[in-house]
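First listed ligand is number 1; within each ligand, the first listed atom is number 1.
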Amino acid sequence: MAVSDRTRLSVLIADVHAGREAEFLALARQLDDLLNRNKYARADTIGDEALPSRFYAVRQWTSAEAARRSHSNPEANALSVQLSEIALINHVVNGVRQGNRGRTEPDRRARADRDRRAGFERRAGDVGRPTGNRRIGRERRLGPRRARERTADLIGAARRARENAAAPFSNFKVGAALETSDGTIITGCNVENSTYGLSVCAEQVAMVKALSDGHRAFTRIAIVADSEAPAAPCGACRQILWEFGGNLEIRLANLAGEQGTHRLEDLLPLPFDGHLL
Ligand code: THU
């Protein structure tokens with residue numbers, strides 16, 4: 001297959017929350033119709049024969065440009081948000097954006113390995129990285145139930161960390177929970193300062209704590225705030241998370257529950273990083 005064809009293929013795995021399969025499929029079909037109708041892609045959602053809660057969303061984009069146009073289609077975005085509320089969604093092939101590392105790896109293992117390598121290995125200096133070939137305890141692929149529980153754990157940890165926020169000036173408490181590739185969860189909350197400018201965000205606290213404990217590879221971060229719309233990480237946090245965590249999965253939640261899942265590469269397109277130095 002020519003590389004140009006491969007780079008326009010997206011495949012997502014959706015592990016649907018128990019009992020919401022019919023709802024998921026109806027929404028997924030609506031999204032597929034929209035993508036097909038607008039000629040953004042040939043899109044289809046296919047169920048896993050062995051696992052009723054698992055679906056594959058396969059999209060062969062008409063062009064990279066068409067894929068980008070679909071990403072700024074509000075109707076498509078609204079459907080994607082609804083889908084992410086009832087399923088744990090992961091890209092297994094993301095061939096739309098070219099010129100970036102690792103967009104076309106064919107499976108989750110490859111992506112997990114890439115994420116594991118992310119962070120310090122992407123930097124020229126690579127100072128302070130633990131030596132040796134650390135075995136990662138969580139490499140085993142998780143079933144959907146365990147994956148959901150782990151997400152709930154991560155969001156729960158962020159929610160609890162939020163309670164510790166020192167935010168007397170904004171009264172906007174934020175909690176974050178960062179998962180390392182060996183499954184350790186490290187939390188952070190925002191800590192404000194009377195000089196305002198010295199305040200630090202929850203995500204940065206979590207990342208600095210993790211680095212200082214010797215962790216160097218990360219998979220996901222959950223961020224919880226008491227806001228109606230999901231509180232996405234600020235620009236500075238995106239840069240710091242990218243620097244040390246690479247293409248993390250970002251799970252956003254408010255006190256009512258989860259509000260969406262993103263990949264950091266989507267929140268921070270065209271990032272500045274050590275490769276440019
Ligand atoms: N805040 C975070 O902790 N994370 C973000 O990504 C956005 C903002 C904090 C900083 C400040 O203490 C409060 O929220 C209001 O901006």
May I ask you to check if ligand 1 and C201 share an N or O to N or O distance below 3.5 Å? no

N/O separation below 3.5 Å, C234 to ligand 1: yes

Sub-4.0 Å atoms of ligand 1 with respect to non-hydrogen atoms of [X]:
X    : result
S170 : 13 (C), 15 (C)
E203 : 2 (C), 3 (O), 4 (N), 5 (C), 6 (O)
E192 : 11 (C), 12 (O), 13 (C)
P233 : 6 (O)

Using residues 221-240 as the side-chain source, report each donor-acceptor pair under 3.5 Å to any protein atom, sequence neighbours left out, with the distance given to one decimal.
residue: S227; atom: OG; partner: A229; partner atom: O; Å: 2.7
residue: R238; atom: NE; partner: P233; partner atom: O; Å: 2.7
residue: R238; atom: NH1; partner: L267; partner atom: O; Å: 3.0
residue: R238; atom: NH2; partner: P233; partner atom: O; Å: 3.0
residue: Q239; atom: NE2; partner: F272; partner atom: O; Å: 3.0

Within-4.5 Å side-chain heavy-atom neighbours: V16 and R54: no

Under 4.0 Å from atom 16 (O) of ligand 1, can you find at least one protein heavy atom? no

With a 6.0 Å cut-off on ring centres, are F218 and F244 close enough? no

Test: side-chain hydrogen bond (donor to acceptor under 3.5 Å, both in side chains). Region: residues 158-176. Which pairs qualify, not counting sequence neighbours? S170-E192

Hydrophobic cluster membership, [X] vs [Y], 4.5 Å side-chain cutoff:
X    : Y    : result
L178 : L268 : yes
L27  : L12  : yes
V191 : V174 : no

Give the residue and atom name of whichever protein heavy atom lies nearest to atom 9 (C) of ligand 1, and the separation in Å to one decimal. N190 ND2, 3.4 Å

Please list the nearest protein heavy atom to atom 3 (O) of ligand 1 with its residue and the distance rounded to 0.1 Å. A202 N, 2.9 Å

